[in-house]
Amino acid sequence: MSSKPSIPKGTRDFLPETMVKRNYIFSTIKSVFEKYGFLPIETPSMENTETLMGKYGDEGDKLIFRILDSGDSVKNADISALSEGNFGKFSNSIAGKALRYDLTVPFARFVVQNQNDLAFPFKRYQIQPVWRADRPQKGRYREFYQCDADVVGSDSLLYEIELVQIFDEVLSKLGFDDFSIKINNRKILSGIAEVCGEADKLVAITVAIDKLDKIGIDGVVKELQERGVSEQAIKKINPLFNLNGSNEEKLSGLKTFLELSEVGLKGIEELSYVLSRVSELGIQKATVEFDVTLARGLNYYTGAIFEVKANNVQMGSICGGGRYDDLTGLFGLKGLSGVGISFGADRIYDVMNELKLFPAHTLTSTQVLFVNFGEAEQMQSLKLAKQLRLKNVACEVYPSAAKMQKQMKYANDRKIPFVVMIGSKEISTNQVTFKNMDSGEQQTSSLDHFVQTILS
RNA sequence: GUGGUUGUAGCUCAGCUGGUUAGAGCACCAGAUUGUGGUUCUGGGGGUCGUCGGUUCGAACCCGAUCAUCCACCCCA
C-alpha cells in the first residue's frame, strides 16, 4: 500500500455539504456588494514578487508564499547572496512570482495598470483566495478567501458610511445578531502620538495599544517602554486606556486631549461625521463602536479603520478594512484615495458553524432518482428524465441495474426526496411509479401528475 | 520564528506498573429481504499502533530523534 495522500498544512478539502454553506456566504456577500454598486473583478493568484514585497511590513514579507522558478531561470540564482547569508536577496533571485497575500495590494496594482479603462470613483468587489505562510491554528489557514469591496478615486466619507452599512447588512442577513463594528481613525492615532511628542513612534504606539484588551494596561505600558516610548509620553497616553461611555462621550473626551493637534482633530471630525450619519440612517443588528485602541497592523491605512468581531465566540476579527490615501502611489499613481473592507469568509463560516446560524435546509440538489431495472427500463427513464429536466427538475438515473436495495440506499444517502421506478408495467401503461422518501408513500400516475406533486 | 498538545482500523477513540493472538462504536461489504431506503438482527473484510533508532527475555506502552497535527505567542481574516 502506498503512503496515505495528504494536503499541505493549513489547506482544506471542502465536501459538498460544506461547499453549499460556503456558497451561501459568498452569494450573500456578493448580492449586498452588488446592491451598493460594486462591480466584480479578478486578479491572478500569483503576482510578481516585487509587487507584493515590502507592502505588508517585515513580518508580512516573511508570510508571503513564493513560487520557485523552474528550468533555466534557476541558473540566475544569486549564489553569492546565499553564501553571504542574504536569504531575502537569494530567494528573490530564484522566485520571481509569489502567491497573493491579500486582495488590496493586487487591486492597487490593477488600478494603476488599467487606469485608462476605469471610471472613477471605481468600485470593485473581489472574492478570491489568498495565501499566507503562517502557522495554522484556530481560525487561521494558509489558504483562505477574502471578500473585498473597495472604492478608489474618492475621499468622500459617504463611502465610509456605506461600508459600515454593508458590514451590518451582510452579517445581519447571515443571521448574526450580536457583533461589533469597531471603528477608529488613523488620524486620531497620529494626533495622539503628536500630542505625546512621539510622532515618529506612531507605529510602535499603535501596535502596542491595539493589544489593550488582550494584555491589559500594564502589558501595554510594558510594551511601550520596550519600544522606546518615553515615560512622559506613556503617562500622557494612560488616560486614554480608561476612555469609556457612549461614542459621543469618548469622542468629546478625546477632542480635549487632542486640542493641540490639527491632524488629531481632523480625525475626530471625520469619525464624528461618519458615526452620526450611520446612526441617523439606522443599523440592523450591529453595535457600532468607536474604539481608540483599534489600530490594526496594516500601515497603509490613513483614515478610517474598521474591524468586525462576533461576540460570544472565541475568534479573531471576521472582517477588516480602512482608508488608504496613497495606496496606488506605491505603483506610481499619485493622488487616488481608496477605502475598502474585507470579509473573512472562512472565519465567518467557522463562527456560523459554532453558533449554528446556518439554515436547516441541507444539501438537496437532485430531486428525483430513477431506479434502473435494465436496458429497456433505463432508456424509458432517460426519456422521462429529459422531460423533467426541461421543467427544471434536477434528476438522475441510476447507472446500472444494481439491486433495488442498493439503489434505494443511494437515494437515501443522497437525501433525494423522490424515487421513480420504471418497470415493464410502467412502460406499457406510460406511467410512473414514484415514492416519497420522506413519508414512504408510493403511487402510480401520469408523468404530469408526478411533476405537479413534486413541484407543489 | 518561539512554546506546548496529540499521533492506535476509512472516521471518533479505548488499550491496566511493559507480557503472548491489539479492541469498541460509526462507516463499508454480504445475508435475513430475487421490485423498496432510513429502524432491527447475523456474519465479514480492514491496523508493520506516525516513522527511524535505543533500553528490555519481551515495547502500542519506557527513552531519543524525526515527521505530522492541533493549540498558544508573534502577526493576522
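Proteins get letters first, then strands, A, B, ... in listed order; numbering begins at 1 in each.
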- request: Could you give the distance separating B:G37 and B:U5 at their C1' atoms, to the nearest angstrom?
  value: 43 Å

- prompt: Is A:Lys409 near enough to B:C28 that one of its side-chain N or O atoms lies under 4.0 angstrom from OP1 or OP2?
  reply: yes

field: Heavy-atom donor-acceptor pair, A:Asn412 side-chain to B:G37 base, under 3.5 Å
entry: yes

message: What I want to check is whether an N or O donor and acceptor connect the side chain of A:Arg132 with the base of B:A77 at under 3.5 Å.
response: yes

- request: Determine the contact category for A:Tyr141: base if any of its heavy atoms lies under 4.0 Å from a base atom, sugar-phosphate if only primed atoms, P, OP1 or OP2 are that close, otherwise nothing.
  value: base

message: Roughly how many Å apart are B:C62 and B:G45, using the P atom of each and rounding to a whole number?
response: 31 Å

With A:Gln380 via side-chain contact (heavy atoms from CB on, under 4.5 Å) - residues at least two apart: A:Lys383, A:Leu384, A:Ile422, A:Ile427, A:Asn430

- request: Name all residues meeting the side chain to side chain donor-acceptor pair (under 3.5 Å) criterion together with A:Asp346; count only those two or more places apart in sequence or in a different chain, and write none if there are none.
  value: A:Arg12, A:Arg22

message: Using the C1' atom as the point on both nucleotides, what is the distance between B:A30 and B:U12, in whole Å?
response: 25 Å

- request: State which of B:U36, B:C75, B:A77 makes the closest approach to the side chain of A:Phe144.
  value: B:A77

Return the polar atom pairs (N/O with N/O) between nucleotides 30-34 of chain B and the protein under 3.5 Å, or none.
unit_1, atom_1, unit_2, atom_2, d
B:G31, OP1, A:Lys403, NZ, 3.3
B:G31, OP2, A:Lys403, NZ, 2.8

query: Is the closest side-chain heavy-atom distance between A:Gln284 and A:Glu169 below 4.5 Å?
result: yes

- request: Give the rounded distance in Å between these two atoms: CZ of A:Arg142 and C1' of B:A77.
  value: 16 Å

- request: Can you tell me the distance, in whole Å, between the OH atom of A:Tyr145 and the P atom of B:C76?
  value: 24 Å

query: Taking CE from A:Met315 and P from B:C75, how many angstroms apart are they, rounded to a whole number?
result: 19 Å

- prompt: Side-chain donor-acceptor pair under 3.5 Å between A:Asn311 and A:Ser180, yes or no?
  reply: yes

field: Distance-only polar pair, side chains of A:Tyr410 and A:Glu396, donor-acceptor under 3.5 Å
entry: yes

Nearest-nucleotide comparison on RNA chain B, the residue closer to the 5′ end among A:Glu223 and A:Pro136: A:Pro136

query: Whole-Å distance between B:G37 P and A:Met421 CE?
result: 11 Å

query: Which part of the nucleic acid, if any, lies within reach of A:Gly139 when heavy atoms closer than 4.0 Å are counted: base, sugar-phosphate only, or nothing?
result: base

- prompt: Counting any heavy atom closer than 4.0 Å, what does A:Lys309 reach on the DNA or RNA strands: base, sugar-phosphate only, or nothing?
  reply: nothing

- prompt: How many Å lie between CD1 on A:Ile427 and P on B:G35, as a whole number?
  reply: 15 Å

message: For the aromatic rings, using the six-membered ring if either is Trp, is the centroid distance between A:Phe179 and A:Phe167 under 6.0 Å?
response: no

query: For the side chain of A:Met437, counting heavy atoms from C-beta on, which of B:G37, B:A77, B:U36 is nearest?
result: B:G37

query: Just checking A:Ser317: base, sugar-phosphate only, or nothing, at a heavy-atom cut-off of under 4.0 Å?
result: sugar-phosphate

task: Ignoring hydrogens and angles, state whether a donor on the side chain of A:Tyr141 or A:Asp350 is under 3.5 Å from an acceptor on the partner side chain.
output: yes

message: Please classify the nucleic acid contact of A:Asp350 as base, sugar-phosphate, or nothing, using heavy-atom distances under 4.0 Å.
response: nothing

message: Please tell me whether A:Thr433 and A:Glu426 have a donor and an acceptor in their side chains that are separated by less than 3.5 angstrom.
response: yes

Atom C1', compared across B:U2 and B:C75: separation rounded to whole Å: 13 Å

Contacting residues from residues 440-454 of chain A, given that a heavy atom lies under 4.0 angstrom of RNA chain B: A:Gly440, A:Gln442

query: When you match A:Asp346 and A:Gln137 each to their closest nucleotide on RNA chain B, which lands nearer the 5' end?
result: A:Gln137

query: Going by distance alone, is a donor N or O of one side chain under 3.5 Å from an acceptor N or O of the other, for A:Asn436 and A:Glu441?
result: no

field: Test item: A:Glu198 and A:Val229 side chains (from C-beta on) under 4.5 Å apart, heavy atoms
entry: yes

field: Proximal nucleotide (of B:C28, B:U36, B:C76) relative to the A:Lys435 side chain
entry: B:U36

message: From the set B:A72, B:G35, B:C75, return the single nucleotide nearest to any side-chain atom of A:Lys214.
response: B:C75

task: Fill in the dot-bracket string of RNA chain B, one character per base: . for unpaired, | for a pair to another strand, ( ) or [ ] for pairs within the strand, taking Watson-Crick or G-U pairs under 3.5 Å.
output: ((((.((..((((.....[...)))).(((((.......))))).....(((((..]....))))))).))))....

message: Can you tell me which nucleotide in B:U69, B:C75, B:A72 comes closest to the side chain of A:Lys9?
response: B:U69

Please tabulate, one pair per line, each protein N/O and nucleotide N/O from nucleotides 3-6 of chain B that are separated by under 3.5 Å, including the distance.
none

message: Classify A:Gln146 by what it touches in the nucleic acid, base, sugar-phosphate, or nothing, heavy-atom distance under 4.0 Å.
response: sugar-phosphate

query: In whole angstrom, what separates A:Ile422's CD1 from B:G35's C1'?
result: 13 Å

- request: Go through the side-chain N and O atoms of A:Gln431 and A:Ser445 and say whether any donor and acceptor fall under 3.5 Å apart.
  value: no

- request: Please state how far atom CZ in A:Arg414 lies from atom C1' in B:G38, giving the value in whole angstrom units.
  value: 16 Å

query: C1' atom, B:C61 versus B:U8: distance in rounded Å?
result: 11 Å

task: Using the C1' atom as the reference point in each nucleotide, state the distance between B:U6 and B:C13 in Å, no decimals.
output: 13 Å

- prompt: Which part of the nucleic acid, if any, lies within reach of A:Gly316 when heavy atoms closer than 4.0 Å are counted: base, sugar-phosphate only, or nothing?
  reply: nothing

- prompt: Does the side chain of A:Tyr56 pick up a donor-acceptor pair with the side chain of A:Asp102 at under 3.5 Å?
  reply: yes

message: Could you check whether A:Asp448 and A:Ser446, counting side-chain N and O atoms only, form a donor-acceptor pair closer than 3.5 Å?
response: no

query: Taking the six-membered ring for Trp, are A:Phe38 and A:Tyr125 ring centroids under 6.0 Å apart?
result: no

- request: For the pair A:Asp218 and A:Lys222, find out whether any cationic side-chain nitrogen is under 4.0 Å from an anionic carboxylate oxygen.
  value: no

field: Separation between the P atoms of B:U39 and B:G35, rounded to whole Å
entry: 22 Å

query: Is A:Lys97 salt-bridged to A:Glu47, cutoff N-O under 4.0 Å?
result: no

query: Does one side chain, of A:Asp155 or A:Ser337, offer a donor that lies under 3.5 Å from an acceptor on the other?
result: no

- prompt: Tell me: NZ of A:Lys55 to P of B:C76, nearest whole Å?
  reply: 17 Å

- request: Can you tell me, in whole Å, how much space there is between the P of B:U51 and that of B:A59?
  value: 15 Å

